[in-house]
J.: 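Structure below; questions to follow.
We use all heavy atoms of the structure for the numbers below, so side chains are in, but hydrogens, waters and symmetry mates are not. Here is the naming used below: chain letters follow the sequence lines, and residue numbers restart at 1 for every chain.
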There are 2 protein chains.
Amino acid sequence: MVTAASISSRIIDAILAEQLPPNARLGEQELAKLFGCSRTVVREAMIELSARGIVTVSSRRGWYLTEISAADARALYEAREVIETGLLRSFARRGAQLDMATLYRLRGHLEQQKAALGDANVGRRSYLLGDFHVCLAECLGNRILAAKLRDLTVLTTLFTMRHQTSGDAERSYKEHVAVFQALEAGDPAAAERRMCNHLGTWEEKVHMVREVDALESLRQALAPVTEPGVEVAGPKASDERKDGRGPAEIPATKGAK
Amino acid sequence: MVTAASISSRIIDAILAEQLPPNARLGEQELAKLFGCSRTVVREAMIELSARGIVTVSSRRGWYLTEISAADARALYEAREVIETGLLRSFARRGAQLDMATLYRLRGHLEQQKAALGDANVGRRSYLLGDFHVCLAECLGNRILAAKLRDLTVLTTLFTMRHQTSGDAERSYKEHVAVFQALEAGDPAAAERRMCNHLGTWEEKVHMVREVDALESLRQALAPVTEPGVEVAGPKASDERKDGRGPAEIPATKGAK
DNA sequence: GGCTCCAATCTTGTATGCAAGCATTGAATG
DNA sequence: CATTCAATGCTTGCATACAAGATTGGAGCC
């Protein structure tokens with residue numbers, strides 16, 4: 001049976017795996033056919049995602065994945081920094097320690113990230129690198145903030161997909177390891193500093209795209225082949241075309257869970 | 001015209017004004033009749049509130065306002081502390097200053113709080129004291145976190161209503177003023193410390209009810225009159241009865257906006 | 001050729017009908 | 001008298017039908 005929760009979950013996974021670009025259209029009828037249910041169920045999923053800021057409805061036109069403006073992105077990264085470093089700080093202040101099972105879980109997650117680095121599967125790599133932050137928040141013992149953080153991570157992904165700032169996966173992985181090692185060594189304060197630096201490197205990049213943002217999406221849509229110099233934006237768009245699927249198509253294989 | 005957003009907004013205002021107790025039943029048909037629309041619209045509002053953690057659905061039984069457990073409350077207060085102090089810290093670090101218009105807005109909000117202190121209108125007082133935190137977050141320039149904080153404030157209210165820890169309104173007001181004065185004086189670091197203390201006084205109370213929590217709701221439901229000693233829980237319940245309204249009734253006057 | 005207007009089509013918005021599950025109440029039985 | 005079970009009413013879950021707005025394409029006109 002197809003529930004609204006399963007639909008929204010699939011969509012979120014697809015975004016985290018960079019398989020659904022921002023502004024992708026999510027037609028009710030289309031999704032209903034795809035999932036084999038009625039529009040009612042799809043609509044429930046859309047409303048839920050809308051409450052979480054992930055999709056936006058344009059009246060009687062359709063549902064679209066939210067397009068994150070540069071201003072929103074700034075608030076977004078600030079929010080992530082506040083939450084992620086704040087959780088570590090709170091953890092440090094209460095003098096808690098991660099137990100063996102939790103350390104094991106985090107170590108396992110890092111192993112998966114490492115494995116995905118060499119892998120050709122770009123989607124899974126993106127998914128895991130983003131999911132680590134949520135996983136860490138859960139491990140720090142606050143499910144409420146972890147849930148909020150998951151949504152923020154999704155929105156972050158929507159922004160980086162558009163602006164191609166994701167870049168250095170290997171570096172991200174190494175910084176994750178560094179955070180983990182500080183926690184493992186019982187030094188959450190150091191973990192907080194490292195996390196702060198880790199998030200800071202992304203935040204810098206946001207400020208760099210601040211000015212050009214207004215034209216960015218148009219430019220990307222209009223000039224895919226004419227200028228060979230800007231090819232960083234090219235492969236993604238052409239990848240989507242050559243497998244013959246529309247942008248709103250749901251991938252057949254689930255990201256990872 | 002009645003939209004789903006207006007319904008959920010009304011419900012949230014009612015909670016913040018302590019006019020809807022936790023575990024209150026929100027029947028689809030009932031609300032549809034009350035708002036003069038179909039179940040569909042009500043249902044959309046419920047799904048939205050459900051995504052925000054404010055209502056919970058029990059399959060084929062009904063929608064209920066979420067009952068916050070002591071464990072959830074702990075995470076909730078930690079989340080609020082992380083976000084609210086984190087925003088002030090981030091504000092301080094970037095060396096920003098509040099402009100005149102923003103200071104004016106905050107000062108106006110504090111005036112309203114002060115006026116509501118002497119007022120007999122308990123609902124408005126609760127609403128304003130809670131709303132100040134959200135207002136402050138908005139003033140610090142992060143609408144995303146402000147929205148998340150609003151939901152957390154609603155959940156906090158649901159917890160304090162059950163456990164009657166709200167108590168000292170005047171003290172809360174004074175602490176709000178203290179935070180504001182630090183900001184006005186251009187010392188956000190001091191504002192952060194004061195906010196941390198302010199939230200800390202509540203958090204203490206949560207830990208006090210930690211142990212009895214499992215029986216709390218039962219006790220409250222079973223022994224309303226037999227023991228005169230536990231009357232702290234009495235007046236609220238009887239207040240609701242004497243005006244002849246069911247617990248899920250929506251108040252005629254909107255809280256404040 | 002270019003502009004305007006209208007109609008066809010596609011989309012969401014809303015209401016309603018029916019199905020199915022849960023709780024309660026009552027009777028029947030040990 | 002206690003216990004079990006069946007029937008009934010009430011609630012949400014889901015699908016569908018219809019309404020109404022938005023877009024787009026083309027025909028007609030200047």
J.: I'd like to check the salt bridge (charged side-chain N to carboxylate O under 4.0 Å, His left out) partners of A/R105; sequence neighbours left out, ordered by chain and number.
T.: A/E138
J.: Find the distance B/R61:CZ to C/dA23:P and express it as a whole number of Å.
T.: 5 Å
J.: Going by side chain to side chain donor-acceptor pair (under 3.5 Å), name the residues that satisfy it together with A/S50, two or more places apart in sequence or in a different chain.
T.: none
J.: Do B/L65 and B/N23 come within less than 4.5 Å of each other through their side chains, counting heavy atoms only?
T.: no
J.: Nearest whole angstrom, please: distance from the C1' of D/dT12 to the CG of B/L31.
T.: 13 Å
J.: For A/E48, is there an ion pair with A/R52 - N to carboxylate O distance below 4.0 angstrom?
T.: yes
J.: Taking salt bridge (charged side-chain N to carboxylate O under 4.0 Å, His left out) as the definition, give me every residue that meets it alongside B/D131, ordered by chain and number, with sequence neighbours left out.
T.: B/R150
J.: Tell me the bend of the helix from C/dG1-D/dC30 to C/dG30-D/dC1 as the angle between end helix axes, each from five pairs, rounded to the nearest 10 degrees.
T.: 10°
J.: Reckon A/R43 has a side-chain N or O less than 4.0 Å from the OP1 or OP2 of C/dG13?
T.: yes
J.: Atom CD of B/E30 and atom C1' of D/dC10: how far apart are they, to the nearest Å?
T.: 12 Å
J.: Checking contacts here: which listed nucleotide (C/dT14, C/dT12, D/dT12) is nearest the side-chain heavy atoms of B/W63?
T.: D/dT12
J.: Specify the separation, in whole Å, of atom CD of B/E28 and atom P of C/dT16.
T.: 14 Å
J.: With B/F132, which residues qualify under ring-ring contact (aromatic ring centres under 6.0 Å, His included), at least two apart?
T.: B/H109, B/H176
J.: Check the distance between D/dC14's P and B/E44's CD and give it to me in whole angstrom.
T.: 15 Å
J.: Under 4.0 Å, counting only non-hydrogen atoms across every strand here, what does B/M46 touch: a base, just sugar-phosphate, or nothing?
T.: nothing
J.: Which residue is it: A/E30, A/M46, A/R25? I am looking for the one with a side-chain contact (heavy atoms from CB on, under 4.5 Å) to A/W63.
T.: A/M46
J.: Identify, between A/S38 and B/S58, the residue whose nearest nucleotide on DNA chain D lies closer to the 5' end.
T.: B/S58
J.: Salt bridge (charged side-chain N to carboxylate O under 4.0 Å, His left out) with A/E28: which residues, sequence neighbours excluded?
T.: A/R39, A/R43
J.: Quick one: which of C/dT12, C/dA15, D/dT12 gets closest to the side chain of B/T40?
T.: C/dA15
J.: Using atom OH of B/Y64 as one end and atom P of C/dA23 as the other, report the distance to the nearest whole Å.
T.: 9 Å
J.: How long is the line joining NZ of A/K33 and C1' of D/dT16, in whole Å?
T.: 16 Å
J.: Tabulate atom names and distances for all N/O pairs under 3.5 angstrom spanning the protein and nucleotides 17-21 of chain C.
T.:
{"unit_1": "C/dA20", "atom_1": "N3", "unit_2": "B/R60", "atom_2": "NH1", "d": "3.2"}
{"unit_1": "C/dG21", "atom_1": "O4'", "unit_2": "B/R60", "atom_2": "NE", "d": "3.2"}

J.: Whole angstrom is fine here: how far is it from CZ in B/F35 over to P in C/dA15?
T.: 14 Å
J.: Residues in salt bridge (charged side-chain N to carboxylate O under 4.0 Å, His left out) with B/D72, at least two apart?
T.: none
J.: My understanding is that only residues two or more places apart in sequence, or in another chain, count here; which of them pass side chain to side chain contact (heavy atoms under 4.5 Å, CB included) with A/T102?
T.: A/L98, A/D99, A/C139
J.: Any N/O pairs under 3.5 Å between the protein and nucleotides 6-8 of chain C? List them or say none.
T.:
none

J.: Checking A/R61 now: which residues fulfil side chain to side chain contact (heavy atoms under 4.5 Å, CB included) with it, not counting sequence neighbours?
T.: A/S58, A/Y64
J.: Under the side chain to side chain contact (heavy atoms under 4.5 Å, CB included) rule, collect the residues that match up with B/S38, sequence neighbours excluded.
T.: B/T40, B/V41
